[in-house]
Amino acid sequence: VVLNTTEHWTVVFDRTNGQLRFYKEGALDATLTPTFPTVTVDQTNTVYIGREIEGGNTRRLSAYLWDVRVYNRALSATEVIANYHGNVTRTGIVGEWLLNGTAEDTSGNGNHGVIYGGAQFEPPVPGYFGAGLKFDGVDDYVNCGTAVPAHNTAGTIEIDCQIDAVGGLFSRSIGGNWVDQRCVLHFYAQGGKLDCTLSNGATHGNHVSASIIPTKRRVHLAVTYDST
């Protein structure tokens, strides 16, 4: 990883071939062979931006977030790159929080967020797509409710962010242990990598990138999985 640069990441969950693939700037970074849950991955639990809960511990994020999107299908590599350049595909989008002065859901599905802890909106940064929301890593997060549709067979999560310290980026959970974390995307302490956790409520799997995510620089993160 080259620091002080913009990087583009994609993570592909391929249940058909039993593979988890990380792509950096469109090139294959790592191929893993995890054990995928065999039953429902997500449930209709609360969706959070900027925090996760595990074992009674709440991990909040210190970062700037610009755009957060959730799809009910796996985007292609071409679509992920197009989204990165601002040509956003609308097909299959179930949640979109641009965080540019409001936490409203602009996907048209009404999954509006409520900001907690006093997270502050920041003005546009030259070269970025617009204003963003600054999370302090102490008590800031966005609650997006329980209506964001579960995507058990395929889906995509995309986030434009500048990460300053470890914490939860996106989660659908009921708290408790890792098995209660239906879907979690977070930047974690053990080596500064991107970690995606999936659970069916009984077992869970943690899947991490091969490369380190740079801090204090804008990065575009995309997690895509497809079990069809």
Side-chain angles (χ1 to χ4, degrees), residues 41-54 57-73 75 83-84 86 88-125 128-152 155-176 180-187 194-198 218-224:
V41 173
D42 294 333
Q43 294 184 357
T44 308
N45 300 317
T46 302
V47 169
Y48 296 106
I49 297 173
R51 82 166 187 174
E52 60 173 301
I53 303 173
E54 187 275 317
N57 299 315
T58 299
R59 300 184 181 93
R60 293 188 171 93
L61 185 67
S62 176
Y64 292 87
L65 299 186
W66 282 275
D67 301 336
V68 179
R69 295 185 181 89
V70 179
Y71 292 84
N72 62 8
R73 65 184 183 89
L75 299 187
N83 279 13
Y84 171 68
V88 177
T89 180
R90 312 303 297 176
T91 304
I93 193 167
V94 295
E96 180 182 56
W97 302 270
L98 301 181
L99 306 177
N100 57 359
T102 176
E104 290 185 357
D105 174 16
T106 52
S107 72
N109 294 297
N111 301 306
H112 304 309
V114 177
I115 298 172
Y116 288 85
Q120 298 294 310
F121 289 105
E122 298 292 326
V125 178
Y128 298 168
F129 297 134
L133 189 60
K134 182 179 180 180
F135 296 77
D136 63 7
V138 179
D139 58 359
D140 294 349
Y141 67 96
V142 178
N143 182 326
C144 300
T146 61
V148 179
H151 30 277
N152 299 313
T156 300
I157 301 170
E158 287 193 326
I159 302 177
D160 278 300
C161 58
Q162 175 183 307
I163 300 172
D164 296 328
V166 298
L169 284 162
F170 179 94
S171 67
R172 178 194 296 276
S173 70
I174 59 175
D180 297 317
Q181 304 277 6
R182 302 303 191 243
C183 180
V184 176
L185 182 65
H186 73 135
F187 177 70
L194 179 66
D195 184 349
C196 184
T197 301
L198 294 176
R218 177 178 180 261
V219 293
H220 179 81
L221 306 174
V223 179
T224 301

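Index from 1, following the sequence.
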Worksheet item: Between L98 and R69, is any pair of side-chain heavy atoms under 4.5 Å apart?
Response: yes

Response to the item:
dist I115:CD1 -> L133:CG (nearest 0.5 Å) comes out at 5.0 Å

Fill in: side-chain hydrogen bond (donor to acceptor under 3.5 Å, both in side chains) involving T102 - partner list, sequence neighbours excluded
none

Worksheet item: Any donor and acceptor pair, going by atom type alone, linking the side chain of N83 with main-chain N or O of T89 inside 3.5 Å?
Response: yes

Practice prompt. Side-chain contact test, heavy atoms from C-beta onward, threshold under 4.5 Å: evaluate it for N111 versus V47 and give yes or no.
Written response: no

Worksheet item: Is the shortest heavy-atom distance from the side chain of R90 to the side chain of V88 under 4.5 Å?
Response: yes

Fill in: Heavy-atom check, side chain of Y48 versus side chain of N143, under 4.5 Å
yes

Discussion item. Once rounded to the nearest 0.5 Å, what's the spacing between atom NE2 of H112 and atom OG1 of T106?
Written reply: 9.5 Å

Discussion item. List the residues meeting side-chain hydrogen bond (donor to acceptor under 3.5 Å, both in side chains) with S107, not counting sequence neighbours, and say none if there are none.
Written reply: D105, N109

Worksheet item: To the nearest 0.5 Å, how far apart are CD1 in I159 and CG in D67?
Response: 10.5 Å

Practice prompt. Enter the distance from L65:CG to W97:CH2 here, rounded to the nearest 0.5 Å.
Written response: 12.0 Å

Practice prompt. Working to the nearest 0.5 Å, report the span between OH of Y64 and CD of Q120.
Written response: 10.5 Å

Worksheet item: Would you call the rings of Y141 and Y116 parallel, tilted or perpendicular if under 30° counts as parallel and over 60° as perpendicular?
Response: parallel

Worksheet item: Are any non-hydrogen side-chain atoms of V68 and V142 less than 4.5 angstrom apart?
Response: no

Worksheet, complete the sentence: Of all heavy-atom pairs linking I49 and C144, the shortest is CD1-SG, 3.7 Å

